[in-house]
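For ligands, and for the atoms within them, numbers begin at 1 and follow the listed sequence. As the structure is a prediction and not an experimental result, all values here were calculated from the model.
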Amino acid sequence: MGDCIFCKIAQGEIPAATLWEDEEFRVILDLGPASKGHALILPKKHAANIYEMTDEMVGKAMILAKKMAAAMSKALHCDGFNIVQNNGETAGQTVFHFHIHLIPRYEGDNVGLSWVPGSLDEKERDEILEQVKACL
Ligand code: 5GP
Ligand code: ZN
């Protein structure tokens, strides 16, 4: 993926503030942080989104997210923590190389990750159950 910015960062071709690195991942500080300490987990091997990742790599990424969230919470004394992963433009993905957002949360930080709750009617509920189960 010659023109993928996160490939270049993950593989160390472009320098980035690195919190953690191993053979398969690099964890960097986000250049446009939602809160103090906002970081990104990047796999070194390109995958555009979660569907292009192997199950094994998704598992490893989530285990690393837990480790980072615990360490960052301890170090930064945040009050809560969001682990966010966007797939597709409609879902807010802007860089098409899989990444997990690690977002420390602080009382009154005004980070906008909330939504207005809708309602679940019975007909729609049953349709969703049928449609999704048919694809599993
Ligand atoms: P997405 O919207 O795709 O889920 O998240 C992309 C994230 O990458 C954003 O939070 C954005 O600030 C961050 N970002 C984009 N380009 C760069 C970059 O070159 N370096 C770093 N460290 N973060 C970046
Ligand atoms: Zn890439």
Side-chain angles (χ1 to χ4, degrees):
M1 293 302 291
D3 56 351
C4 174
I5 180 88
F6 279 5
C7 273
K8 293 189 175 111
I9 292 172
Q11 288 159 21
E13 289 170 34
I14 294 177
T18 298
L19 294 169
W20 169 265
E21 184 184 4
D22 62 22
E23 278 191 4
E24 292 167 309
F25 296 97
R26 183 185 295 271
V27 183
I28 61 166
L29 290 180
D30 195 298
L31 268 189
S35 67
K36 181 182 165 190
H38 182 174
L40 303 169
I41 296 179
L42 312 179
K44 292 188 174 179
K45 184 167 186 282
H46 182 85
N49 51 46
I50 197 167
Y51 312 112
E52 291 189 6
M53 296 272 283
T54 63
D55 289 356
E56 190 192 7
M57 284 297 282
V58 172
K60 285 182 177 176
M62 206 59 203
I63 290 166
L64 181 54
K66 179 187 173 189
K67 176 193 175 89
M68 292 304 306
M72 290 165 69
S73 296
K74 197 172 163 192
L76 300 171
H77 308 289
C78 54
D79 305 303
F81 211 98
N82 290 115
I83 296 173
V84 176
Q85 198 274 313
N86 301 327
N87 296 284
E89 211 172 327
T90 305
Q93 188 175 9
T94 58
V95 180
F96 295 89
H97 174 122
F98 174 93
H99 50 280
I100 296 177
H101 292 267
L102 302 169
I103 307 177
R105 298 299 305 274
Y106 306 89
E107 283 294 333
D109 63 16
N110 286 321
V111 173
L113 286 173
S114 63
W115 54 85
V116 179
S119 58
L120 182 62
D121 73 57
E122 277 182 34
K123 186 169 167 285
E124 193 174 43
R125 178 198 64 197
D126 292 345
E127 278 171 13
I128 294 166
L129 293 179
E130 189 182 320
Q131 288 167 351
V132 175
K133 286 178 182 179
C135 291
L136 284 170

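One finds no salt bridge joining E24 and K44 here, because no Lys/Arg side-chain nitrogen approaches an Asp/Glu carboxylate oxygen to under 4.0 Å.
Between H101 and H99, the distance separating the two ring centers is shorter than 6.0 angstrom.
Nearest N/O/S atom of H97 with respect to the Zn ion (ligand 2) is recorded as ND1.
Angle subtended at the Zn ion (ligand 2) by C7 SG and H46 ND1: 110°, rounded to 10 degrees.
Both L29 and L64 are part of a single hydrophobic cluster, where members link through side-chain heavy atoms under 4.5 Å apart.
V116 belongs to no hydrophobic cluster with other residues, because no ILVMFWY side-chain heavy atom falls under 4.5 Å from its own, directly or through intermediates.
Within 6.0 Å of CG on D22 lie more than 12 heavy atoms contributed by other residues, nucleotides or ligands.
A distance limit of 4.0 angstrom between heavy atoms and ligand 1 selects the residues I5, F6, I9, I28, L29, D30, L31, G32, L40, N86, G92, Q93, T94, V95, H99, H101.
With S35 contributing its side chain and R105 its backbone, the two residues share no donor-acceptor pair below 3.5 Å.
Closest approach of L102 to M68, counting heavy atoms only: CD1-CB, 3.6 Å.
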